[in-house]
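Just so it is clear, the structure is predicted and the values come from calculations on it, not from any experiment.
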Amino acid sequence: MLRWGGNLRYPWVDAPASAGYNLPVMSVSEKSDKYNPQEIEKKWQDKWAADKLYEVKEDSPRPKFYALTMFPYTSGDLHIGHWYAMAPSDVYARFMRMQGYNVLHPVGFDAFGLPAENAAISRGIHPYTWTMNNVENMRRQLRSIGAIYDWTREVVTCLPEYYKWTQWFFLKLYEADLAYRGEAPVNWCSKCQTVLANEQVVGEGVCERCNTAVIRRHLEQWFFRITKYADELMDHSHIDWPERIAIMQRNWIGKSTGAEISFGLDHPGVETKEIRVFTTRPDTIFGVTFFVLAPEHPLVPHLTTTERKAEVEKYIIQTQRQTEIERTSTDKEKTGVFLGSYVIDKLNGEKVPIFIADYVLLSYGTGAVMGVPAHDQRDFEFARKYGIPIKVVIAPEGWAGEDLTEAHTGSGTMANSGQFNGLSNEKGFESICDYMEAKGYGKRAVTYRLRDWLISRQRYWGAPIPMIYCDKCGIVPVPEKDLPVLLPPDAEFRPTGESPLKYCESFVNTTCPKCKSPAKRETDTMDTFMCSSWYFLRYTSPGKDDYPFDKKKLKYWMPVDLYTGGAEHAVMHLLYARFFIKAIRDCGIIDFDEPFLKLFNQGTVIYQGDKMSKSRGNVVTPDLYVSDLGADAVRTYIMFVGPWELGGEWNDNGIVGMSRWLNRVWNMVTAEYKEKAVDADTEKEARRMTHKTIRKATGDMERFRFNTMLAALMEFTNFLGPVQERGTVSKAAWQEAMTTLLLLLAPTAPHLTEELWTKTGNPYSIHNQPWPKWDEALAKEDEVMLVIQVNGKLRDKVTVPVSITEAEARELALNSERIKAYTAGHKIIKIVYVPAKLVNIVVS
RNA sequence: GCCGAAGUGGCGGAAUGGUAGACGCGGCAGUCUCAAAAACUGUUGAGGGGCAACUCUCGUGUCGGUUCGAGUCCGACCUUCGGCACCA
C-alpha cells in the first residue's frame with residue numbers, strides 16, 4: 001500500500017491505516033437532535049480547559065512546532081480583523097498538532113502604549129485599570145474563538161513581572177555598548193508630546209498614532225545601535241520569509257556602496273582642513289562643479305563670508321520653518337545659497353564653490369554632497385538654476401560634446417577625467433578609488449539609510465528606562481538586584497501631555513547606586529516595540545522569576561517555526577525583533593540568529609474603505625455572529641472568503657452559507673445510515689472521493705489555502721448527500737467517509753466536530769487524533785475526460801480509461817463524428833497529445 | 001517618481017500552459033405549507049440558432065507577442081491597493 005503525505009517521518013502519528021475500514025466505528029444514536037452551536041461550544045470550551053487539553057510540555061517525544069501569532073494590542077475589543085489573524089493561525093496550529101507535532105500556540109497582550117495614557121487623561125481612569133479591564137474583556141473574546149491557546153503561558157507586557165525583564169535586557173544592551181545616550185535631531189510629535197522613531201513617522205511626515213505633522217527637535221535620547229547590524233539584517237537567506245517583506249526591510253536599511261572623499265578646506269579662522277562627502281559615484285569626481293552642505297551643518301556659520309551672511313541666515317531660517325513634508329517633497333524646485341567660500345578638489349586642485357541647500361540632509365552620509373550636475377538629476381536642476389557649469393565626465397554612447405538636457409546617470413566612457421579618460425565608468429570607479437586610497441584623498445565606504453533605533457519616550461505608560469543620573473558619577477545603571485524600576489501608581493496625569501514621571505518626586509528622587517548620594521532617575525520610558533521584541537521568548541517559560549526565560553525550555557522551543565501577522569510590521573516590529581535577537585545573542589544570552597524561521601502575512605481586513613481598527617472607528621465585532629451562528633461558523637466563513645494572504649473588504653454576505661453547510665454536516669453525521677442498494681461503482685467512487693479529499697485538504701492546509709480546502713470538503717458532502725439518501729455504499733465505506741470528514745474539518749470547526757465525534761461513539765478527543773492519510777491507489781481515477789481540440793478549440797469530449805495509449809487516443813479523436821466535421825477537407829498538420837488529458841488536431 | 005501585490009459572472013472567489021467560472025452567496029423556478037420563513041431539489045457568464053436532445057459565437061483590465069493551445073508566459077500601457085520617496 002502506498003503511503004503519501006508529509007507526515008511519513010513521524011511514526012508515532014501512524015494513523016489507523018488509510019485503506020480505511022479499520023477506522024474507529026461510529027454508532028449513531030437514534031435520537032438526532034438539532035445542531036445547537038451555542039450549547040456545544042460552551043460545553044467543549046469548558047471541558048477542554050478543565051482537562052488542560054491544550055497545555056503543552058517540553059518532554060514530548062513529538063517534534064516541537066512553535067506557531068506564533070502577533071499578539072494583540074489591548075485596545076479593548078477583539079474585532080473581525082483580529083479573528084482574521086487568529087482563527088486561521090489556530091487552524092494551522094491544530095493541523096500541525098494532528099500531524100504529530102508538539103505545538104506551542106500561545107497568546108498574550110501588548111499592553112503598554114499611548115491609548116491607555118490618553119484614557120487616563122481624558123477619562124480619569126488609571127492606565128493600569130484601563131488596560132487590565134481591556135485584557136479581561138479580550139480574554140473572554142479570545143476564548144470564544146475556541147483556539148488551542150495554552151493560557152498558562154499568557155504574557156502581559158505591562159505587568160512588573162514582565163517589564164522587569166524588559167529593563168534587564170536594556171541593561172544587558174547597555175553593558176554591551178549597544179544602548180547609548182546621544183543627542184540627535186529627533187522626530188517630535190507635539191500632540192503626543194513625545195519623540196518617534198523614523199519608522200513611526202508615516203505618510204507625508206505625520207505621527208503614526210495621531211496624524212499630527214512631525215517636527216524636528218534636538219534632544220538627548222536613548223538609542224540602540226541597530227545600525228551595527230545593518231549588514232546582517234539585510235541577509236534573509238537563512239529564513240523563509242515573503243520576498244516582499246525582505247525587500248521592504250532591505251529598502252528600509254538602504255545600503256549604498258561608494259566612497260568617502262575628502263575635499264580640502266582653507267578658510268581663514270577655520271581649523272578644519274577638510275570636509276568629507278559620501279558618494280555612490282566616485283567615478284564622476286572630475287565632474288564636480290559645486291559643493292553642498294546641509295543647512296544645519298555645524299561648519300556653515302564658519303564658512304559663510306560676511307557679505308553672504310544675511311542671505312545665508314535667511315535661507316537657514318526658511319529651511320527650519322518648513323515641515324518635513326515640504327522639505328522632502330520630490331517635485332519641489334531645488335533651492336540653495338552660496339556661502340562665499342570654497343573647497344579644493346584634491347584631484348585637480350580646482351576651487352569649488354560651497355552652497356547650502358535643503359535637499360541635502362544632515363542625517364544622511366556626512367551631511368555634505370559633491371555637486372556633479374552632468375550625472376545627477378538633482379545636481380543638474382540645481383546647477384541650471386544657479387548658472388553653475390555642467391561638466392560631462394561620463395560620455396553617453398554617441399555623445400559628441402553637445403549640452404545635456406538632463407543628467408546622464410547611466411554608464412558610459414570616462415572623459416575630461418585626466419589619466420582616467422577612456423575607461424568605462426565601472427572600471428573608472430575602481431581605478432579612482434584605488435588612486436584616492438593611495439593618495440589619501442578618500443576611501444571606499446558604505447552608508448545606510450537606517451538610523452539607530454531611538455527608544456526613549458516621554459510617557460508614563462511604558463517600561464521605565466533603568467538609569468540614574470548622579471552629579472558625581474554621571475550616568476549609572478540601576479543594579480540588576482533593584483529591578484524592576486516600578487512605575488509609581490500615584491503619578492498625576494495632566495492634560496498638558498508631559499510625562500507624569502517627570503513630576504513624580506517619589507519616582508525621580510533616588511540615591512546613586514555607586515556613591516549613595518542623592519540622584520535622579522531617568523524619566524523616559526521605552527518604546528513599546530522593545531516589549532514586543534522578546535515576548536515570544538517569555539512564552540516558553542511562564543512565571544520564571546530569576547531569569548527572563550528558562551534556558552532549557554527556550555532551547556527546546558526557539559526559534560519560532562511559523563510567525564503570522566500583518567505586513568504593516570515589516571519595517572518596525574519585524575526588524576526590531578530580528579535586531580534584538582542578534583544583539584542578545586552577542587551578549588551571550590541566546591545562541592540563535594533569527595527569531596522567526598518562517599513568516600506568513602495574512603491580508604488586511606478592510607471595512608468602509610479603511611483598515612479595520614478601533615482607532616479608525618470602523619470595527620465589526622464578531623460577538624454577534626458568534627452568539628447567532630456560533631464560533632465554528634465564523635471561523636469557517638473567515639477562512640472560506642478567499643486566500644488568507646489577500647484579505648479584503650469585510651462583508652457577511654456568505655456567512656449564512658457556512659452555517660447551512662455545518663448544519664448539513666451535523667445532519668449527515670447524526671442521521672442513521674442504511675444500506676439500501678449498494679452498488680460497486682458508487683462504493684468505489686465513494687472511497688475515491690474520501691481519499692482524494694484527504695489529499696486535497698492536506699495539500700491546501702500546508703499552503704494555507706483554507707478556502708479551497710473547505711470547497712473540497714463541501715464537494716465531498718455534496719457527493720455524499722445522494723449516497724446517503726439512496727444507501728448506495730456499504731456501511732463501512734460510509735463510516736470511513738464520515739470519520740474522514742470529521743477529522744478533516746476538526747481544525748476548522750473544533751466544537752462541532754468534537755461533539756459529533758464523541759456523539760458517534762468515538763473516544764474523546766477528536767483533537768488528539770492523527771490527521772488522516774490518503775491511499776494514492778484508492779484516490780486514483782480510473783476514467784478521465786479526454787478533451788479533443790481542433791486548432792486549440794474544444795470540439796469534443798470523451799470518457800476514456802486513464803490507461804489509454806497515445807495511439808488509442810489519436811484514433812478515437814480522428815474517428816469522432818464531431819471532429820470529422822472540422823477536419824474534413826483540411827490537411828492534418830500535426831497532432832498534440834497530452835497523456836490521458838487532451839488531443840489537439842492541428843489542421844491547415 | 002521608484003519598489004511590491006492584484007485586476008476573472010450580480011458578489012466573494014476557483015483553475016501544475018490544456019474543458020474558464022470549482023465552492024459559496026445572491027437571483028430565478030419548484031417541493032413542503034392555508035401562507036410565509038426555514039429546509040430541500042433544479043437552474044443561473046453574455047449573445048445567437050433550434051420543437052427538442054442540443055448547438056454556434058464571444059468572453060478573465062487594454063494593446064501586442066510567444067505557443068498546436070494563454071486567465072496563466074513575455075513586452076508595453078491603464079486602474080486599484082500597500083510600501084518607500086531629494087538617501088548623495
Pairing partner of B/C77 (Watson-Crick or G-U wobble, both distances under 3.5 Å) | B/G61
Could you check A/Lys696 against A/Glu715 for salt bridge (Lys or Arg N to Asp or Glu O under 4.0 Å), going step by step and ending with a plain yes or no?
-> CA-CA 11 Å; A/Lys696 172 74 176 156; A/Glu715 281 184 77; over 6 Å; no
Any side-chain N or O of A/Lys830 under 4.0 Å from OP1/OP2 of B/C68?
-> yes
Could you measure between the two P atoms, the one in B/G30 and the one in B/A37, and give it in whole Å?
-> 13 Å
Compare the minimum distances between each of B/U57, B/G18, B/U19 and the side chain of A/Arg795, then state the nucleotide with the smallest one.
-> B/U57
Between B/G18, B/C3, B/C23, which one does the side chain of A/Ile247 approach most closely?
-> B/C3
Can the ring centres of A/Trp661 and A/Tyr35 be said to be less than 6.0 Å apart?
-> no
Let me know the distance between CG of A/Leu794 and C1' of B/C56, rounded to the nearest Å.
-> 13 Å
How are the rings of A/Tyr576 and A/Phe529 set to each other: parallel, tilted or perpendicular (split at 30° and 60°)?
-> tilted
d(CD1, A/Ile638; C1', B/C23) in whole Å | 18 Å
Nucleotide of B/G18, B/G83, B/G12 approaching A/Val834 most closely (side-chain heavy atoms) | B/G18
Given B/U55, is OP1 or OP2 found less than 4.0 Å from the side-chain N or O atoms of A/Arg818?
-> yes
Between A/Tyr359 and A/Asp379, a side-chain donor and acceptor under 3.5 Å = yes
Please determine if a side-chain N or O atom of A/Asn651 lies less than 4.0 Å away from the OP1 or OP2 oxygen of B/G12.
-> no
A/Arg244 side chain: which of B/G4, B/G18, B/A22 is closest?
-> B/G4
Between A/Met658 (CE) and B/C11 (C1'), how many Å, whole number?
-> 14 Å
Mind checking the C1' distance from B/C68 to B/C63? Whole angstroms is fine.
-> 24 Å
Tell me the partner of B/U67, counting only Watson-Crick (N1-N3 plus N6-O4 or O6-N4) or G-U wobble (N1-O2 and O6-N3) with both under 3.5 Å; none if nothing fits.
-> none
Of all the choices, B/G12, B/C23, B/C68, which nucleotide is nearest to the side chain of A/Val832 once you look at every atom?
-> B/C68
For B/G9, the nucleotide meeting Watson-Crick or G-U wobble distances (both under 3.5 Å) is none
Taking the six-membered ring for Trp, are A/Tyr364 and A/Phe278 parallel (under 30°), tilted (30 to 60°) or perpendicular (over 60°)?
-> perpendicular
Of the listed nucleotides B/A88, B/A20, B/C84, the one nearest the side chain of A/Trp252 = B/C84
Nucleotide forming a Watson-Crick or wobble pair with B/A29, both distances under 3.5 Å | B/U41
Whether A/Phe290 and A/Phe382 hold their rings parallel, tilted or perpendicular, with breakpoints at 30° and 60° = parallel
Is any side-chain N of the basic residue among A/Glu406 and A/Arg384 closer than 4.0 Å to the acidic one's carboxylate O?
-> no
Kindly say if A/Arg378 contacts the phosphate of B/A88, meaning a side-chain N or O under 4.0 Å from OP1 or OP2.
-> no
With the side chain defined as heavy atoms from C-beta on, A/Ala711 is closest, among B/A20, B/C23, B/G26, to B/C23
Determine the interatomic distance between P on B/G61 and the same-named atom on B/U72; round to the nearest Å.
-> 8 Å
B/A14 phosphate, OP1 or OP2: any side-chain N/O from A/Arg705 under 4.0 angstrom?
-> yes
Considering just the side-chain nitrogens and oxygens of A/Asn718, establish if one lies under 4.0 Å of OP1 or OP2 belonging to B/G24.
-> yes
Pairwise P distance, B/A14 and B/G64 [rounded to whole Å] | 29 Å
Check whether NZ of the Lys or CZ of the Arg A/Arg635 lies under 6.0 Å from the centre of the six-membered ring of A/Trp83 and within 45 degrees of that ring's axis.
-> no
Report the nucleotide, chosen from B/C87, B/C25, B/A20, that has the shortest atom-to-atom distance to any side-chain atom of A/Leu361.
-> B/C87
Of A/Thr366 and A/Met714, whose nearest nucleotide on RNA chain B comes first from the 5' end?
-> A/Met714
Given B/C25, is OP1 or OP2 found less than 4.0 Å from the side-chain N or O atoms of A/Arg660?
-> yes
Is the base of B/U19 touched by the side chain of A/Lys793 through a donor-acceptor pair closer than 3.5 angstrom?
-> no
According to a strict under-4.0 Å criterion, is A/Ser256 in side-chain N/O contact with OP1 or OP2 of B/A88?
-> yes
Any strand, both distances under 3.5 Å, Watson-Crick or G-U wobble: B/G1 pairs with B/C84
Over how many whole Å does the gap from A/Arg451 atom CZ to B/C87 atom C1' extend?
-> 9 Å
Counting side-chain heavy atoms from C-beta on, which of B/A14, B/C23, B/C25 comes nearest to A/Phe640?
-> B/C23
How far, in whole Å, is B/A22 from B/G45 if one measures between their C1' atoms?
-> 15 Å
Can you label the angle between the A/Phe355 ring and the A/Phe338 ring as parallel, tilted or perpendicular, going by 30° and 60°?
-> tilted
Can a side chain N or O of A/Tyr364 be found less than 4.0 Å away from OP1 or OP2 on B/A85?
-> no
Quickly work out the A/Lys692 NZ to B/C23 P distance and round it to whole Å.
-> 12 Å
Can you tell me, in whole Å, how much space there is between the C1' of B/U60 and that of B/U19?
-> 15 Å
Distance between P atoms of B/C77 and B/G71 (Å, rounded) | 22 Å
Starting at atom CG of A/Asn653, determine the distance to atom C1' of B/G24, rounded to an integer number of angstrom.
-> 11 Å
Between A/Arg250 and B/C3, does any side-chain N or O lie under 4.0 Å from OP1 or OP2?
-> no
Does A/Gln789 make a side-chain donor-acceptor contact with the base of B/G18, cut-off 3.5 Å?
-> yes
When rounded to whole Å, the CZ to C1' distance for the pair A/Phe706 and B/C23 reads 17 Å
How far, in whole Å, is B/C3 from B/U67 if one measures between their C1' atoms?
-> 31 Å
For A/Tyr448 and B/C84, give me the distance from atom OH to atom P, rounded to whole Å.
-> 21 Å
Could you check which nucleotide pairs with B/C34 in any of the strands shown, counting Watson-Crick or G-U wobble with both distances under 3.5 Å?
-> none
Quick one: is B/C40 close enough that its OP1 or OP2 comes under 4.0 Å of any side-chain N or O from A/Arg664?
-> yes
Closest to the side chain of A/Lys334, out of B/C86, B/G18, B/A88, is B/C86
